[in-house]
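The next block holds one structure in the form of structure tokens; read it before the comments.
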Amino acid sequence: MNVERENLGTSMAGMFNGEGSSSVTSSPLQFFPWSLSPGIGSPYPFLRELKSEERGLCLIHLLLGCANQVAIGNIENANVGLEQISHLASPDGDTMQRIAAYFTEALADRILKSWPGLHRALNSTKILSVPEEILAQRLFFELCPFLKLAYVMTNQAIIEAMEGERMIHIIDFKSCEPAQWINLLQTLKDRPDGPPHLRITGIHEQKEVLEQMALRLTEEAEKWDIPFQFTPVVSKLENLDLESLRVKTGEALAVSSVLELHSVLATDDDKKTSPPASKNLQKLLRMKQRTLGEWLETDSLQVFSSPDSASVSSPSGLNPSQKMNSFLTALWGLSPKVMVITEQESNLNGSAFMERVLEALNFYAALFDCLESTVSRSSIERQRVEKMLLGEEIKNIIACEGAERTERHEKLEKWMLRLESVGFGKVPLSYHSMLLGSRLLQSYGYDGYKIKEENGFLFICWQDRPLFSVSAWGFQRQSS
């Protein structure tokens, strides 16, 4: 992956180093070096003979060029780019081919949103199947270790925080996976002083999902003779009235949020227009040729340090969210002993479209690479995860704006600023939590995955890239 391809470099040089060329003003045939002539159904034959790394690099450059055309509203050039990419992309090919297939679908959907009537007509018969959505999440749980690790670490933090408590209340955001709490019940039953009374408030927008959770967990609690109550709350997280979640006298409260809290960031964003393309795109288009490996292993976002992009390292880069601030303040008001948050370790909440495209390419390339390493390309289960879960997330990130764009991932350092600003204090995750995660990876034989600890937080990594963060927080009284 890190070997230079001189023949590809020569071919790509004309695309990125052409003097006087402009991605904004050039015609479709000038912008794409291997453009399709009218009436010709396939690109030049040598494109199909490219090796995997060369094809992947080619797809990255074509995707970025096409995304820029979409961003500036040049539909003619974007259309040529999408057709060009379609001859190299494939939903059942290698990692980059699969990613390209879903990114081109997302870019096309963004274009179609320019014609609301056409977009609605083409999507009018599509029915979002809740069972399919749950199936995709369940398959992701089975095929990759990320959710297993998040659940194990969350449960361990709750167990440690609730030592000695006789009445425990857990609020579970987007409650849809009974495996997490079955594991907790089995641990609680072995307490030397007997199991505590456990109440779980499950939040989900689908009533039938909560009914299945209640049935499964009640059966498990009865089997282990654990006093148990499941309270269903049918609501989207962003519409949840936290004040209605009454904590009974004597209950110790815990909150669990796995890949869900970021959805609240969208609720007070009513911007409908697409942001302009980054002014620094030309820097990218004239960069020295890189291999696919170098693209995916380095921070490509550095070339997009435009004024409109959010700073990752300073408080001023924190996108303000009145709704999130109110939501976290209300959570703080419930005085939880511990709140455990798992979030995607990626900056996908910025308003700059091209930076979002680049960050999404880097993040999802790593996720698709995880699946490539453990699941065969022909696996129906893998295709379902990629299409119904990861593909839908990519489409939301790329094609949607305003409140419709709910996949607004942020890195842990931004969550730290938000949580500390409303009064939460860090609860360091224990070495035992990390040890449990490492044992889980060993027991399943997962290669390439790592767990890193940093200042009491845990990061779930693919190779050396952090993909998910796990952090624990507790109620702190405000100083007067």
Side-chain angles (χ1 to χ4, degrees), residues 95 137-162 172-173 177 179-184 186-187 254-262 296-299 312 338-348 359 362-375 385 389-390 393 409-416 419 426-474:
T95 296
Q137 293 170 343
R138 192 71 45 83
L139 289 173
F140 184 63
F141 172 82
E142 295 294 339
L143 297 181
C144 294
F146 301 116
L147 293 179
K148 294 185 185 77
L149 290 168
Y151 294 152
V152 164
M153 294 170 182
T154 297
N155 286 358
Q156 183 60 28
I158 292 174
I159 289 167
E160 292 173 6
M162 298 298 173
D172 180 17
F173 293 163
E177 180 49 69
Q180 176 180 6
W181 305 122
I182 289 174
N183 174 268
L184 182 69
Q186 291 173 345
T187 303
V255 178
S256 170
S257 176
V258 178
L259 308 183
E260 184 63 16
L261 192 56
H262 63 263
L296 300 183
E297 292 169 7
T298 58
D299 186 5
V312 177
V338 67
M339 177 169 67
V340 191
I341 299 171
T342 301
E343 279 291 334
Q344 295 88 340
E345 185 67 2
S346 186
N347 280 315
L348 288 168
E359 182 74 2
N362 275 274
F363 181 77
Y364 285 95
L367 278 182
F368 275 71
D369 203 24
C370 295
L371 290 165
E372 176 79 2
S373 72
T374 55
V375 190
V385 168
L389 183 64
L390 304 183
E393 289 181 6
H409 312 160
E410 292 190 338
K411 290 192 174 183
L412 178 59
E413 51 207 75
K414 290 188 177 180
W415 287 114
M416 290 173 61
L419 290 158
K426 180 177 73 173
V427 177
L429 293 167
S430 68
Y431 174 76
H432 192 53
S433 293
M434 184 174 178
L435 187 62
L436 287 174
S438 299
R439 287 176 178 171
L440 185 148
L441 290 178
Q442 291 175 357
S443 67
Y444 280 90
Y446 288 117
D447 293 325
Y449 298 91
K450 300 178 182 179
I451 300 171
K452 291 184 178 180
E453 185 276 339
E454 186 174 325
N455 298 322
F457 303 118
L458 294 178
F459 295 89
I460 307 171
C461 309
W462 169 245
Q463 305 299 350
D464 290 321
R465 161 142 195 171
L467 292 180
F468 299 92
S469 66
V470 184
S471 61
W473 306 85

Quiz item: Does Asn155 use its side chain to pair, donor to acceptor, with the backbone of Asn183 at less than 3.5 Å?
Solution: no

Exercise. Could you grab the distance from atom NZ of Lys450 to atom CD1 of Ile460, nearest 0.5 Å is fine?
Key: 14.5 Å

Self-check item: Heavy-atom pair of closest approach, residues Pro466 and Cys461
Solution: CA-SG, 3.7 Å

Quiz prompt | Whether Phe141 and Tyr151 hold their rings parallel, tilted or perpendicular, with breakpoints at 30° and 60° | solution = tilted

Quiz item: Looking only at side chains, do Glu160 and Ser430 share a donor and an acceptor under 3.5 Å apart?
Solution: yes

Self-check item: Closest contact, heavy atoms only, Val427 versus Trp473
Solution: CG2-C, 3.6 Å

Quiz prompt | Euclidean distance, Ile159 CD1 relative to Leu436 CG, rounded to 0.5 Å | solution = 8.5 Å

Self-check item: Full working for side-chain contact (heavy atoms from CB on, under 4.5 Å) between Thr342 and Ser469
Solution: CA-CA 6 Å; Thr342 301; Ser469 66; over 6 Å; no

Practice problem: Would you mind reporting whether Met153 and Ile451 have side-chain heavy atoms less than 4.5 Å apart? | Solution: yes

Quiz item: Taking all atoms of both residues into account, what is the closest heavy-atom pair of Glu359 and Lys411, and its distance?
Solution: OE2-CE, 4.1 Å

Quiz item: Could you give the distance from CG (Leu147) to CZ (Arg138), rounded to the nearest 0.5 Å?
Solution: 10.5 Å

Quiz item: Going by heavy atoms in the side chains, are Met416 and Phe457 under 4.5 Å from each other?
Solution: yes

Exercise. Could you please spell out the steps behind the side-chain contact (heavy atoms from CB on, under 4.5 Å) verdict for Ser256 and Trp181?
Key: CA-CA 11 Å; Ser256 170; Trp181 305 122; 3.8 Å; yes

Quiz item: Which heavy-atom pair separates Val470 from Leu429 by the least distance, and what is that distance?
Solution: O-CD1, 3.2 Å

Exercise. Determine whether Leu390 and Phe368 make a side-chain contact, defined as any pair of heavy atoms from C-beta on separated by less than 4.5 Å.
Key: yes

Exercise. Check whether any side-chain heavy atom of Val258 lies under 4.5 Å from a side-chain heavy atom of Phe173, and answer yes or no.
Key: no

Quiz item: Is Leu467 close to Cys370 at the side-chain level, that is, under 4.5 Å between some pair of heavy atoms?
Solution: yes

Practice problem: Indicate the atoms forming the closest heavy-atom contact of Ala366 with Trp462, along with that distance. | Solution: O-CD1, 3.8 Å

Quiz item: Between the side chains of His262 and Glu343, does any donor sit under 3.5 Å from an acceptor?
Solution: yes

Quiz item: Roughly how far, to the nearest 0.5 Å, is CG of Leu184 from OG1 of Thr154?
Solution: 10.5 Å

Exercise. Say whether, by atom type as modelled, one donor and one acceptor occur between the side chain of Glu177 and the main chain of Ala179 under 3.5 angstrom.
Key: yes

Self-check item: Asp447 vs Thr374, side-chain contact (heavy atoms from CB on, under 4.5 Å): CA-CA, chis, key distance, verdict
Solution: CA-CA 8 Å; Asp447 293 325; Thr374 55; over 6 Å; no

Quiz item: Are any of the side-chain heavy atoms of Ser471 and Val340 separated by less than 4.5 Å?
Solution: no

Quiz prompt | salt bridge (charged side-chain N to carboxylate O under 4.0 Å, His left out) partners for Glu372, two or more places apart | solution = Arg377, Arg382

Quiz item: What is the distance from atom CD of Gln344 to atom CZ of Phe468, rounded to the nearest 0.5 Å?
Solution: 5.5 Å

Practice problem: Verify, without hydrogens or angle tests, whether Glu453 (side chain) and Asn455 (backbone) share a donor-acceptor contact under 3.5 angstrom. | Solution: yes

Exercise. Rounded to the nearest 0.5 Å, what's the gap from OG on Ser438 to OH on Tyr446? Could you check?
Key: 14.5 Å

Quiz item: Would you say Gln156 and Thr187 make side-chain contact, with heavy atoms under 4.5 Å?
Solution: no

Practice problem: Work out which heavy atom in Glu410 is nearest to a heavy atom in Trp415; give both atom names and the distance. | Solution: O-NE1, 3.2 Å

Practice problem: Find out whether Leu139 and Leu389 are in side-chain contact, i.e. whether some heavy atom of one side chain is under 4.5 Å from a heavy atom of the other. | Solution: no

Practice problem: Take Phe146 and Tyr449, measure what ring-ring contact (aromatic ring centres under 6.0 Å, His included) needs, and give me the verdict at the end. | Solution: CA-CA 9 Å; Phe146 301 116; Tyr449 298 91; 5.5 Å; yes

Practice problem: Please report the C-alpha distance between Val152 and Lys148 in whole Å, then the side-chain angles of each, then the deciding distance to 0.1 Å, and finally whether the side-chain contact (heavy atoms from CB on, under 4.5 Å) criterion is met. | Solution: CA-CA 6 Å; Val152 164; Lys148 294 185 185 77; 5.6 Å; no

